[in-house]
Amino acid sequence: MRVSLISIGDELLNGATVDTNAAWLAERLSARGCAVVSHRTVGDDRPAIAAAVREAAVRADVLITTGGLGPTDDDLTREGVADAIGVGFHTDADAEAHLRAFFKRIGRKLTPTQLRQAMLPDGCEIIPNPWGTAPAFSARWRRSGGECRLFVLPGVPSEMRQVFEASVMPRLAGELGGRCTLARVVRCFGATEAYVGEQVSDLMARGRNPAVGVTAADAIIGVRINATADAPEAAAAMLEADVEVVRRRLGHYVFGEHDPWSTEIGRAHV
Ligand code: ATP
């Protein structure tokens with residue numbers, strides 16, 4: 001399953017907020033064997049949101065957006081998504097009932113501005129968000145060669161995570177079955193990144209499964225191995241086989257495989 005992510009908000013573009021939503025979603029989806037094929041960040045700009053949704057949806061089976069679902073004039077995700085999929089708006093009765101109940105519970109007056117959050121693109125399915133005011137929603141976009149499912153989630157990280165776990169992952173789980181990706185980093189010290197890369201270059205072929213990559217962080221060179229299979233046992237077997245090959249080829253340069261690596265360095269020097 002190919003998944004694209006779009007993070008929406010001016011504060012992400014200008015650096016005021018670090019985009020933790022995309023990192024968290026990518027990690028959760030990758031662990032379930034999804035191929036996360038793109039991350040994009042766009043500002044609170046209706047045409048830019050619509051263009052980003054259309055472009056990302058062409059390459060993905062599932063597109064997840066976060067942010068821009070609030071009540072103010074600069075929260076334009078609903079409009080951008082509706083433009084992208086070519087539909088209008090309606091006031092969703094369930095979303096309005098949720099807002100009325102939410103504001104009653106917290107003892108605040110529901111203003112017309114707040115009610116904007118009940119305006120949803122036609123044909124979408126509302127996704128409950130008991131953790132905040134902005135309802136999430138899903139929609140389907142038929143494009144040439146198939147269909148892309150859109151999940152439009154709130155930006156507040158704690159809300160986004162809870163909505164994802166409660167309503168998005170369960171919707172995808174049926175198709176993913178037991179599919180999962182298991183990862184390990186074999187850490188080396190004393191060799192250059194180029195040397196380590198040369199020793200495992202055949203394992204690094206693009207499109208290979210397990211996927212193998214080399215990264216340098218300070219003086220530590222890590223060989224990251226990601227094995228994807230339809231069952232955890234199969235992924236574990238593939239992972240262990242590659243770890244064994246990497247260990248053998250890099251010999252005494254290998255000092256550990258488990259987090260936190262600082263503990264391993266301590267151990268290696270005792
Ligand atoms: P709400 O209705 O609660 O305002 P929203 O969907 O409109 O939700 P935003 O207004 O875009 O969300 O953002 C709400 C808060 O969440 C802000 O503090 C924002 O900086 C933070 N936030 C939004 N997107 C991200 C992200 N990708 N990573 C980390 N924080 C984010």
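The residues of the chain are indexed from 1 along the displayed sequence. Atoms within a ligand are numbered from 1 in the order they appear, just like the ligands themselves.
- Within the 4.5 Å cutoff, side-chain heavy atoms of Val81 are placed close to those of Phe137.
- At a 4.0 Å heavy-atom cut-off, ligand 1 touches Leu12 through the side chain alone.
- Salt-bridge annotation for Arg149 and Glu125: absent, with no side-chain N of the basic residue lying under 4.0 Å from a carboxylate O of the acidic one.
- Residue Val18 places a heavy atom under 4.0 Å from ligand 1.
- Within the 4.0 Å heavy-atom criterion, both parts of Leu69, backbone and side chain, lie near ligand 1.
- Every residue two or more places apart in sequence or in another chain that forms a side chain to side chain donor-acceptor pair (under 3.5 Å) with Glu147 is listed here: Arg140, Arg142.
- Taking only nitrogen or oxygen atoms, main chain and side chain alike, Gly67 does not reach within less than 3.5 Å of ligand 1.
- Within the structure, ligand 1 has Pro157 among the residues with a heavy atom less than 4.0 angstrom away.
- Summarising the contacts of atom 20 (O) of ligand 1 with Gln117, Glu11, Gln114, Met160, the nearest heavy atom is found in Glu11.
- For Gly132, the heavy-atom gap to ligand 1 stays at 4.0 angstrom or more.
- Judged as a salt bridge (Lys or Arg N to Asp or Glu O under 4.0 Å), the pairs with a partner in residues 159-169 (not counting sequence neighbours) are, in order, Arg28-Glu165.
- Electrostatic pairing of Arg78 and Asp92 does not count as a salt bridge here, judged by no charged N lying under 4.0 Å from a carboxylate O.
- With atom 11 (O) of ligand 1 as the reference point, the heavy atom nearest to it among Gly9, Gly155, Gly68 is part of Gly68.
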